[in-house]
Amino acid sequence: MSEDTVAFDVEDGIAWVRFNRPEKRNCMNPALNQRMMEVLDRLEFRDDVGVLVLSGEGSAWSAGMDLKEYFRETEAKGLGAVRKAQAEAYGWWRRLRWYRKPTIAMVNGWCFGGGYGPLFACDLAFAADEAQFALSEINWGILPGGGATKVVVDLLSMRDAMYHALTGELIDGKKAAAWKLVNESLPLAELKARVTEVANIVLKKNPVALKATKDAIRRVAEMTYDNAEDYLVRAQEAANSQDNEGRKEGIRQFIDEKSYKPGLGAYDK
Ligand code: ACO
């Protein structure tokens, strides 16, 4: 297994994780998928990691699946190899969707097809205006699999999702933001500073509340109102059992100490 397909550093509470095959535009081969799972494992419970940012080395965020190593070479080995490769890719995207720490996609460049899996897995997404996105599957003759169809149906309007998938046309970061595929788009030169700013806002919040909140946003999307109400009561009670003191402290600092206002910012952890 290649050790260098994923790069990462931890600095001031932020784990900066990078797809690291710039010469292959960070397309995802089995080695990268295996390595990414290891890196996520290694970082998830570290006390010095409060937020994870996923970006790419070089000109790409990720050019999707590796058409040679993930598709052609794996298919040549038979169905067992195909299923294993799928499980490795889908596995780390799923792990990222339910990651213990908030996650931010920092889309610095190309983002194609299979790249929509980890894009959606990240809780927040910021793109460079210069980034280019496409569901290019249709350009080489397959449907957008690996969850990519589900991602655009969940995030975009039906008309935009259909246009995107049927034409395979590129959209830039600005259009991706207008379509709500990402939260915001801004010039590449300003991207890292903005992502750092957002990460620092999140780092000030109660970590148990962050995990409960990010899970709740994803879970309730598929529930009726009544089911969501019930789930949220139970989820908050489960969070209380992990961190009852945190919320009591938040109330104390506001009501008794008058040292902050919850409407204007986070309590002092
Ligand atoms: N799979 C395999 N190899 C890839 C991929 C990929 N997805 N993307 C890039 N590469 C390789 C190229 O074959 C090339 O390899 P080589 O140097 O050995 O010839 C190298 O990465 C550099 O790629 P270039 O095409 O030379 O880079 P350029 O900057 O000119 O173009 C671009 C970048 C537009 C991203 C182009 O590489 C491309 O179209 N890649 C495929 C994008 C794509 O459609 N991905 C699949 C989506 S569908 C899915 O993921 C299921």
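Counting starts at 1 for both ligands and their atoms, in listed order. Everything numeric here is computed off the predicted structure, so don't read it as measured data.
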> Hey, what's the ring geometry for W110 with F112, parallel, tilted or perpendicular (30° and 60° as the breaks)?
Replying inline: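 Aromatic pair W110/F112 classed parallel.
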
> Who passes ring pair (Phe, Tyr, Trp, His ring centres under 6.0 Å) against F71, sequence neighbours left out?
Replying inline: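 Applying ring pair (Phe, Tyr, Trp, His ring centres under 6.0 Å) to F71 gives W140.
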
> Taking side chain as C-beta onward, heavy atoms only, is L181 less than 4.5 Å from F120?
Replying inline: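 No, their side chains stay 4.5 Å or more apart.
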
> Between L54 and M36, is any pair of side-chain heavy atoms under 4.5 Å apart?
Replying inline: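 SC-SC contact between L54 and M36 confirmed.
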
>> Please give me the minimum heavy-atom distance between E69 and T74, naming the atom from each residue.
In response: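 Closest pair (atom of E69, atom of T74, distance): O-OG1, 2.7 Å.
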
> List by chain and number: which residues place a heavy atom under 4.0 Å from ligand 1?
Replying inline: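 Under the 4.0 Å cut-off, ligand 1 touches E23, K24, R25, C27, A63, G64, M65, D66, L67, F71, W110, F112, G113, G114, S136, E137, W140.
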
>> Could you check, using the six-membered ring where one of them is a Trp, whether W61 and F19 have ring centers closer than 6.0 angstrom?
In response: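 Ring-ring flag for W61/F19: true, centres closer than 6.0 Å.
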
